[in-house]
Amino acid sequence: MKFYAFHGCLPFERQSGAEYLVDFECYYDFGPAAGCDDLSQAIDLARVYALVAAQMQIPCKLIETVAVRIADSISAEFPQLERFSVKVCKLNPPVDGECLLSAATVERP
C-alpha cells in the first residue's frame, strides 16, 4: 500500500510530508473461506486498506508508532488472525547520506 503522509520528528517532515509503503502479511485458516468462496469468511483486504489509510492520516513522530497503531486496529477488527505483520517504510528519509528507506515492523501472534 502506498501513501503520502506527514510523519516525522523534524518540522519540515510534518509540513511537507513524504511517501510511505505499508506491507501487511497475515496467516489464518482460510479453508472455510476458500471452501465457500465467501468474502465474509475471509480477511477483507479492502477493510485492511481502510484501517491502514485511517492510521496513516494521523501524524506521528515515529514510524514505529504508526506501525503499532495499524497493528492494533487490525487486531481489533480481525481477531481470527493467527499471526500477522505490518511493515511501515518511509521512502528517502532525511539522513546525512543516501538512504532508500527506513522501516519499522510489528508482528503479532
Side-chain angles (χ1 to χ4, degrees):
M1 295 169 261
K2 190 173 184 178
F3 300 92
Y4 197 87
F6 298 87
H7 308 299
C9 292
L10 303 174
F12 80 88
E13 294 177 286
R14 310 256 329 236
Q15 290 175 343
S16 300
E19 289 186 318
Y20 293 82
L21 300 177
V22 178
D23 290 330
F24 169 71
E25 188 171 332
C26 67
Y27 301 88
Y28 71 103
D29 179 8
F30 57 82
C36 66
D37 198 28
D38 183 356
L39 179 59
S40 70
Q41 301 298 311
I43 303 301
D44 183 347
L45 296 180
R47 183 67 189 135
V48 170
Y49 183 91
L51 293 169
V52 173
Q55 293 302 319
M56 289 300 293
Q57 292 178 7
I58 303 169
C60 297
K61 291 180 181 175
L62 302 176
I63 58 173
E64 292 88 343
T65 303
V66 179
V68 167
R69 287 181 177 178
I70 291 169
D72 288 347
S73 66
I74 291 172
S75 288
E77 184 82 12
F78 299 105
Q80 70 270 38
L81 286 173
E82 296 168 10
R83 180 169 51 108
F84 72 91
S85 66
V86 173
K87 181 178 181 181
V88 177
C89 303
K90 182 175 195 167
L91 302 180
N92 303 308
V95 297
D96 190 21
E98 188 173 331
C99 182
L100 297 178
L101 62 83
S102 60
T105 303
V106 173
E107 294 184 357
R108 295 282 169 91

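What you see is a predicted model, and the numbers here were worked out from it, not measured in a lab.
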Legend entry - Residue pair F6 / Q15: nearest heavy atoms and the distance that separates them: CE2-O, 3.4 Å
Inset, instruction - Group every Ile, Leu, Val, Met, Phe, Trp and Tyr by side-chain heavy-atom contacts under 4.5 Å, then state whether M1 and I63 land in the same group. - result: yes
Inset, instruction - Report the distance from atom CD1 of I43 to atom CD of Q80, rounding to the nearest 0.5 Å. - result: 4.0 Å
Inset, instruction - State plainly whether one hydrophobic cluster holds both L45 and F84, where clusters connect Ile, Leu, Val, Met, Phe, Trp and Tyr through side-chain heavy atoms under 4.5 angstrom apart. - result: yes
Inset, instruction - Give a yes or no on whether D38 atom CG has more than 12 heavy-atom contacts from other residues, nucleotides or ligands under 6.0 Å away. - result: yes
Inset, instruction - Just grab all the salt bridge (Lys or Arg N to Asp or Glu O under 4.0 Å) pairs involving residues 61-80, residues at least two apart or on different chains. - result: R47-E77, D72-R108
Legend entry - Atom of P94, atom of L10 and distance for their closest heavy-atom approach: CG-CD1, 4.0 Å
Inset, instruction - Using the rule that two of Ile, Leu, Val, Met, Phe, Trp, Tyr join whenever any of their side-chain heavy atoms come within less than 4.5 Å, decide whether V66 and Y49 are in one cluster. - result: yes
Inset, instruction - Report the distance from atom CG of L21 to atom NZ of K90, rounding to the nearest 0.5 Å. - result: 13.0 Å
Legend entry - Backbone N/O of H7 and side chain of Y20: donor-acceptor pair under 3.5 Å: yes
Legend entry - Straight-line distance of L91 CG to L100 CG, nearest 0.5 Å: 8.5 Å
Inset, instruction - Check the hydrophobic clustering (I, L, V, M, F, W, Y; side-chain heavy atoms under 4.5 Å; chains of links allowed) and say if L51 and V88 are grouped together. - result: yes
Legend entry - Donor-acceptor pair, side chain of E13 and main chain of A18, under 3.5 angstrom: no
Legend entry - Rounded distance [0.5 Å steps], SG in C89 versus CZ in F3: 12.0 Å
Inset, instruction - Grab the two heavy atoms, one from A67 and one from V86, that are nearest each other, plus how far apart they are. - result: O-CG1, 4.3 Å
Inset, instruction - Mind listing the closest non-hydrogen atom pair of A103 and K87 along with its distance? - result: CB-CE, 3.7 Å
Legend entry - E19/K2 ion pair, N-O < 4.0 Å: yes
Inset, instruction - Report yes or no: do F30 and V48 belong to one cluster of Ile/Leu/Val/Met/Phe/Trp/Tyr joined by side chain heavy-atom distances under 4.5 Å? - result: yes
Inset, instruction - Using a 4.5 Å cut-off on heavy atoms from C-beta on, say whether the side chain of I70 contacts that of F24. - result: no
Inset, instruction - Please report the shortest heavy-atom distance between C26 and L81, naming the atom on each side. - result: CB-CD2, 3.6 Å
Legend entry - Minimum-distance pair of heavy atoms, taken over all atoms of V52 and V22: CG1-CG1, 3.8 Å
